[in-house]
2 protein chains.
Amino acid sequence: MIDENLLLNHGAKRVTFSKGDQLFREGESALNFYQIASGEIKMNNYNEDGKEFIQGIFSIGQSFGEPPLLANVKYPANAEAISDSEVFQLTKEQFLELLSSNPRVHLKITETLAKRLYYKAIMVSEISSQEPEHRILRIIDYLKHVDKVEGQFAYRLDLTRQQLADLTGLRVETVIRATKSLEKKGELQIKKRKVYR
Amino acid sequence: MIDENLLLNHGAKRVTFSKGDQLFREGESALNFYQIASGEIKMNNYNEDGKEFIQGIFSIGQSFGEPPLLANVKYPANAEAISDSEVFQLTKEQFLELLSSNPRVHLKITETLAKRLYYKAIMVSEISSQEPEHRILRIIDYLKHVDKVEGQFAYRLDLTRQQLADLTGLRVETVIRATKSLEKKGELQIKKRKVYR
DNA sequence: GAGATCATATGATTAGGATCATAAAAGCGG
DNA sequence: CCGCTTTTATGATCCTAATCATATGATCTC
């Protein structure tokens, strides 16, 4: 997370998006840096038969879409507002200028990328080879970890079964059955349809 | 890739590994930065029933294992020498010192992470939802792209079917059948058992 | 060149998640 | 509160990759 004033000093614009709006699409060139001021943004892909895969969900203070900006490649996914959102937007030039004049911030960004890479490394190995229950537990544990929640069943998962399915590459029905089975095994709790871990 | 002299000036050691040696293991703390002087290193996971998943294969000039170093987390995978290899090794402190005194190099590393993130984003979405043939084509295309090969069937894939399986999370038999089917469809060629794309 | 090891190949069977169908509960807008 | 949409739930069936078994073709070593 980059300090708001620093962003504004480097020419950041505040841009608002309504729920459902797309900020950019898969295959487009990366032109801007984004950091969320309010709301939630997801990055996702749709495969040929319309099935969604969610790469990640980002909320206040988090930035997203930097990799293509830094690596000079096209966006590998779409960005879509999950709720009405406001974001700080910098052009690529402004962003690179900010990085070069603030080594501290640059290192912070590098760390952020490193963390995301760590997460993706885990997800890709989990998704590739494990059973549904495994995948689901792992992603929940990751989200719990990100939200810095400690203690058994202290973390309330704020995702629908469908979103959980889209994050793990499974089907809703499979997620529903798997979460129930996990509850039976004591791995998680379901109260008022919400999953606790 | 960081200049060899720069690495040595910052106290890099040359360390040799024999084929099959492990440089580090999943779950260990990240202590060093590594860049390959010669040979090939793979990063992999083994799931509970021993099935391997290859996160990536790195060769001369490439670095690996930086994310945990920068993100202060444990290694998400093992590193193992595919062939006899020599690597430059820097301690974490030396590496961070190098970055802070060489913004150019720092930006280069950031770009490298960004590229890898891009690749993982593609792989995770592909693996999550696509059929075997899709997965295989995508990873071959990626490798071809990395090696900067252009032209139909100009790229010779230097992986065994088993390695291809471990990279995509499939089984050998499935990979064998899928590559044959892809050959029949004209998507790739198989000559002397080697895959060309 | 014989034997051993590794990689590719192929058929038969199984298993588990996807798919399809339908329903009921919860949340929401007017 | 009522109708409408979204989300969760559950059973039945299908399909395809995993699994198991076995064979053959390369490559390597002594």
Side-chain angles (χ1 to χ4, degrees), chain A residues 19-20 42 46-54 82-84 125-140 156-185 188-196, chain B residues 19-20 42 46-54 57 82-84 126-140 156-185 188-196:
Chain A
K19 178 178 177 176
K42 69 177 170 186
Y46 294 98
N47 72 6
E48 38 262 54
D49 34 74
K51 189 183 172 223
E52 181 179 11
F53 178 78
I54 298 179
I82 296 182
S83 55
D84 293 351
S125 104
E126 281 297 310
I127 285 185
S128 81
S129 50
Q130 306 291 354
E131 322 83 77
E133 296 188 10
H134 234 97
R135 295 195 204 185
I136 291 170
L137 278 189
R138 277 285 191 136
I139 198 158
I140 295 178
R156 181 185 124 125
L157 183 68
D158 263 324
L159 294 174
T160 65
R161 304 286 189 277
Q162 182 62 62
Q163 287 177 319
L164 203 45
D166 293 338
L167 278 162
T168 49
L170 298 166
R171 297 288 155 164
V172 215
E173 299 94 325
T174 305
V175 170
I176 289 169
R177 289 186 246 254
T179 48
K180 294 213 149 184
S181 156
L182 285 167
E183 188 193 23
K184 203 162 289 168
K185 291 177 186 166
L188 41 81
Q189 285 187 350
I190 303 180
K191 281 189 280 190
K192 304 232 304 163
R193 301 178 147 203
K194 285 286 168 194
V195 172
Y196 292 80
Chain B
K19 178 177 178 177
K42 68 178 171 185
Y46 294 98
N47 73 6
E48 39 261 55
D49 33 75
K51 188 183 171 225
E52 180 178 11
F53 178 77
I54 298 179
I57 295 179
I82 298 182
S83 54
D84 293 351
E126 280 299 310
I127 284 184
S128 80
S129 50
Q130 306 291 354
E131 323 84 76
E133 297 188 11
H134 234 97
R135 294 197 204 183
I136 292 170
L137 277 189
R138 276 285 190 136
I139 198 160
I140 295 178
R156 181 186 126 126
L157 183 69
D158 263 324
L159 294 174
T160 64
R161 303 288 188 277
Q162 183 62 60
Q163 287 177 317
L164 203 44
D166 294 338
L167 278 162
T168 50
L170 298 166
R171 297 287 157 165
V172 214
E173 299 94 325
T174 305
V175 169
I176 289 169
R177 289 187 247 256
T179 47
K180 293 212 150 182
S181 156
L182 284 167
E183 187 193 22
K184 204 163 288 168
K185 290 177 186 167
L188 42 81
Q189 284 186 350
I190 303 180
K191 281 189 280 189
K192 303 233 303 166
R193 302 177 146 203
K194 286 286 169 193
V195 172
Y196 292 81

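Every heavy atom of this structure was used, including side-chain atoms; hydrogens, water molecules and symmetry mates were not.
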Between [N] ([atom2]) and [X] ([atom1]): distance, integer Å:
{"X": "A:Leu164", "N": "C:dG17", "atom1": "CG", "atom2": "P", "value": "15 Å"}
{"X": "A:Ile190", "N": "D:dA9", "atom1": "CD1", "atom2": "P", "value": "6 Å"}
{"X": "A:Asp166", "N": "C:dA18", "atom1": "CG", "atom2": "P", "value": "12 Å"}
{"X": "A:Lys19", "N": "D:dT5", "atom1": "NZ", "atom2": "P", "value": "15 Å"}
{"X": "A:Gln163", "N": "D:dT6", "atom1": "CD", "atom2": "P", "value": "14 Å"}
{"X": "B:Gln162", "N": "D:dT19", "atom1": "CD", "atom2": "C1'", "value": "14 Å"}
{"X": "B:Leu170", "N": "D:dT16", "atom1": "CG", "atom2": "P", "value": "15 Å"}
{"X": "B:Ile136", "N": "D:dT16", "atom1": "CD1", "atom2": "P", "value": "16 Å"}

Looking at [options], which one has an atom nearest to any side-chain atom of [X]?
{"X": "A:Ile176", "options": "C:dA7, D:dA9, D:dA18", "result": "D:dA9"}
{"X": "A:Arg161", "options": "C:dA9, D:dT8, C:dT8", "result": "D:dT8"}
{"X": "A:Arg177", "options": "D:dT19, D:dA12, C:dG17", "result": "D:dA12"}

Suppose we call a contact any N or O donor and acceptor under 3.5 Å apart; does that hold for the side chain of B:Arg171 and the base of D:dT16?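 Counting by modelled atom types and ignoring angles, no donor-acceptor contact under 3.5 Å is found here.
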Under 3.5 Å donor-acceptor pair, A:Glu173 side-chain atoms to C:dC20 base atoms: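 In this structure, the two groups form a donor-acceptor pair.
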Would the number of heavy atoms belonging to other residues, nucleotides or ligands and lying under 6.0 Å from NZ of A:Lys194 be above 12?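 Atom NZ in A:Lys194 is crowded, with more than 12 foreign heavy atoms closer than 6.0 Å.
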B:Val172 side chain near B:Leu164 side chain, heavy-atom distance below 4.5 Å: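 Sidechains of B:Leu164 and B:Val172: no contact.
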Do any side-chain nitrogens or oxygens of [X] fall under 4.0 Å of OP1 or OP2 in [N]?
{"X": "B:Lys180", "N": "C:dA9", "answer": "yes"}
{"X": "B:Thr174", "N": "D:dA18", "answer": "yes"}
{"X": "B:Lys194", "N": "C:dT8", "answer": "no"}

Determine, for A:Tyr46 and A:Lys51, whether the Lys NZ or Arg CZ falls below 6.0 Å from the six-membered ring centre while staying within 45 degrees of the axis.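 The answer is no, since A:Lys51 fails at least one limit relative to A:Tyr46.
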With nearest nucleotides of DNA chain C determined for B:Arg193 and A:Lys192 from heavy-atom distances, which residue corresponds to the more 5′ nucleotide?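 Residue closer to the 5' terminus by nearest nucleotide: B:Arg193.
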Side chain A:Ser181, main chain A:Arg177, donor-acceptor under 3.5 Å: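 Answer holds: no.
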If you measure from the Lys or Arg side-chain nitrogens to the Asp or Glu carboxylate oxygens, is any gap between B:Glu52 and B:Lys42 under 4.0 Å?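 Yes, B:Glu52 and B:Lys42 are salt-bridged.
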